[in-house]
Amino acid sequence: LEIVDCGVFFGPQSKGDLDTSIEKVLSILDQGGINRALVTSLTGLFHSFEDGNEDTVRVCKDRPERLIPLATLNPRQTVDLHGAVEKIVDADFKIVGFFPSYQAWSLRLHCFEKAVLEVADAGLVPLLTLGGDPAGASSQMEFDGSVQLTHVSRVARLLGKFDSPIIVRWMEGAGYLLTAEYVALGKDFSNLYFDMGNMVTIGSIELLIDEIGEDRIVYGSNTPFQYLKSSLFMLQTILISEEQRKKIASGNILKIIGEK
Amino acid sequence: MMVTSQKKIDIHYHYGDISCCIIPRTTVKAIIEDMNRFNYEYCILSSARSIEGDNVKGNKEVAEALKADPRLKGLVYLDPFHVEQSLKDLVKYGGDPAFVGVGEVRPDYHRLPLDSPRYEPLIEKALDLDLPILTHTDESTGKVARKYPSLKLVTAHANIHIVRLYKDALNICFCTTASSSAWVQDIHLEEMVEEAGAGRILYGSDGPLHNPAWEIGKFESANLSEADKRLIYYENAIKTFPRIKQ
């Protein structure tokens with residue numbers, strides 16, 4: 001099964017003693033048999049999105065067959081959103097990740113709306129990662145993943161005029177809360193795609209597939225922050241056809257980034 | 001695909017719907033299918049309905065479900081706001097060999113710590129009946145363990161922080177189901193095993209809220225020996241809940 005993981009991180013972090021070096025991350029991906037991964041520099045999440053994007057480009061350039069660069073854009077860190085997006089386009093990124101919980105800002109911010117419109121207008125794919133490390137900024141209620149999830153429909157509406165997909169990911173433990181909202185969002189907004197990696201309730205991924213189809217579901221593991229084989233074993237054991245599994249494991253995300 | 005060939009006992013599995021979310025696979029038939037998929041030799045059920053209000057009906061539903069397959073075992077739920085009724089259920093189901101313990105008691109849900117006077121007669125009855133207690137961990141777990149040194153307590157949702165808090169209370173075992181946290185740097189399975197000893201760690205999935213694949217994946221990602229995993233997946237459950245094999 002070819003697997004393209006759309007939630008992998010590397011680089012320095014100070015929220016724990018976990019080894020998040022690119023070497024360690026690659027060894028975890030090897031153990032899980034992950035073929036390719038969308039990777040993001042933690043410097044981009046935690047410090048400076050511009051520095052982080054440079055790190056991501058550098059790391060991916062050395063391993064183009066393995067790593068796909070995922071840019072970040074912190075809308076509170078610049079007034080020149082157009083210029084920031086131009087730089088991202090120039091660096092050949094295809095997807096831009098937003099991490100509101102980690103960076104302690106709300107999806108309701110107007111500067112975020114302008115940023116995500118710039119991203120879509122440039123033909124880039126926005127990826128919203130909701131939730132965050134419990135030790136981090138998301139412990140404030142407003143930045144909790146569940147609260148951020150309530151704003152996704154507004155983002156989907158905002159970008160409705162573009163042809164761009166929007167990927168929604170989850171980076172907290174309590175993924176059993178997601179099912180009903182993912183189904184409701186997925187039915188009403190055909191531009192939304194969902195990561196199954198943290199849909200932890202048994203049968204919930206199959207239910208989402210029954211309701212919205214398998215073409216808008218992707219796989220992400222949150223390596224190295226979460227145990228890779230947790231999401232991987234779910235991907236391997238969900239009760240679906242092998243054709244459906246292939247789409248979720250790699251086909252859908254490769255289509256989004258224009259490789260299929 | 002079978003994710004591991006090791007046989008397992010899941011000590012933490014709920015029966016019935018839970019109000020916070022959609023749970024698609026709650027029927028006995030689905031639970032048995034999932035036991036087969038994940039190589040379970042036994043699965044220990046406790047009532048979700050009991051936690052959320054109707055303990056009489058909840059325990060009764062579990063007792064009915066256990067009749068479907070001898071590999072299903074049960075825990076009696078205790079509601080500290082209905083002590084007399086809970087005592088009756090303890091005696092009634094404590095005499096049923098299909099019930100192997102008490103739990104998952106939820107001091108957090110009832111907003112009543114496990115060391116409160118309302119729990120006292122229930123804990124003492126469980127002790128009389130030699131029934132171990134699976135409890136949602138809170139700050140009162142250690143106090144109860146110290147007060148009743150011959151009581152076997154299993155803390156649900158344990159991680160390295162819980163182990164460090166309670167490792168000196170030798171009547172406490174640690175169930176790794178971590179519904180609230182999936183973070184490697186919070187759980188630290190290898191360190192849990194190193195500090196508590198593999199003989200005190202138990203496997204539980206918190207199914208069907210959680211997919212067993214998700215929980216098994218944690219152990220299969222961590223750097224643990226096959227011998228340690230055998231203890232965690234299976235042997236420690238037999239030791240802690242000896243009625244499983246009776």
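Naming: A, B, ... by sequence-line order, numbering from 1 per chain. Given the structure is predicted, the values throughout are model-derived calculations rather than measurements. Heavy atoms only: backbone and side chains are in, while hydrogens, waters and symmetry mates are out.
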I'd like to know whether NE2 of B:H110 has more than 12 heavy-atom contacts from other residues, nucleotides or ligands below 6.0 angstrom.
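Result for NE2/B:H110: enclosed.
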
Please check if the number of heavy atoms outside B:K167 that lie under 6.0 Å from its NZ is greater than 12.
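Yes, NZ of B:K167 has more than 12 neighbouring heavy atoms, counting only those of other groups under 6.0 Å.
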
Once you round to the nearest 0.5 Å, how far does [atom1] of [X] lie from [atom2] of [Y]?
X: A:Y227; Y: B:F219; atom1: OH; atom2: CZ; answer: 9.0 Å
X: A:L232; Y: B:E220; atom1: CG; atom2: CD; answer: 11.5 Å
X: A:S204; Y: B:R25; atom1: OG; atom2: CZ; answer: 11.5 Å
X: B:Q185; Y: A:Q226; atom1: CD; atom2: CD; answer: 11.0 Å
X: B:I216; Y: A:M234; atom1: CD1; atom2: CE; answer: 12.0 Å
X: B:N211; Y: A:F233; atom1: CG; atom2: CZ; answer: 11.5 Å

Taking every non-hydrogen atom, the tightest pair across [X] and [Y]:
X: B:W183; Y: A:M171; result: CZ2-O, 2.8 Å
X: B:S221; Y: A:L228; result: OG-N, 3.7 Å
X: B:R37; Y: A:T237; result: NH2-O, 2.7 Å

Do the side chains of A:I202 and B:P212 get nearer than 4.5 Å, heavy atoms only?
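Result yes, sub-4.5 Å side-chain heavy-atom pair found.
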
Would you say A:T179 and B:C21 make side-chain contact, with heavy atoms under 4.5 Å?
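No, side chains not in contact.
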
Check B:I22, B:D206, B:I23, B:I18 against A:T201 for a side-chain contact (heavy atoms from CB on, under 4.5 Å) and give me the one that passes.
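When side-chain contact (heavy atoms from CB on, under 4.5 Å) is applied between A:T201 and each of B:I22, B:D206, B:I23, B:I18, only B:I23 qualifies.
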
Kindly write out the residues that satisfy salt bridge (Lys or Arg N to Asp or Glu O under 4.0 Å) with B:E190, not counting sequence neighbours, or none if the list is empty.
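Residues passing salt bridge (Lys or Arg N to Asp or Glu O under 4.0 Å) with B:E190: none at all.
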
A:L207 versus chain B, the contacting section by heavy-atom distance below 4.5 Å
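For A:L207, the side chain is the part near chain B, not the backbone.
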
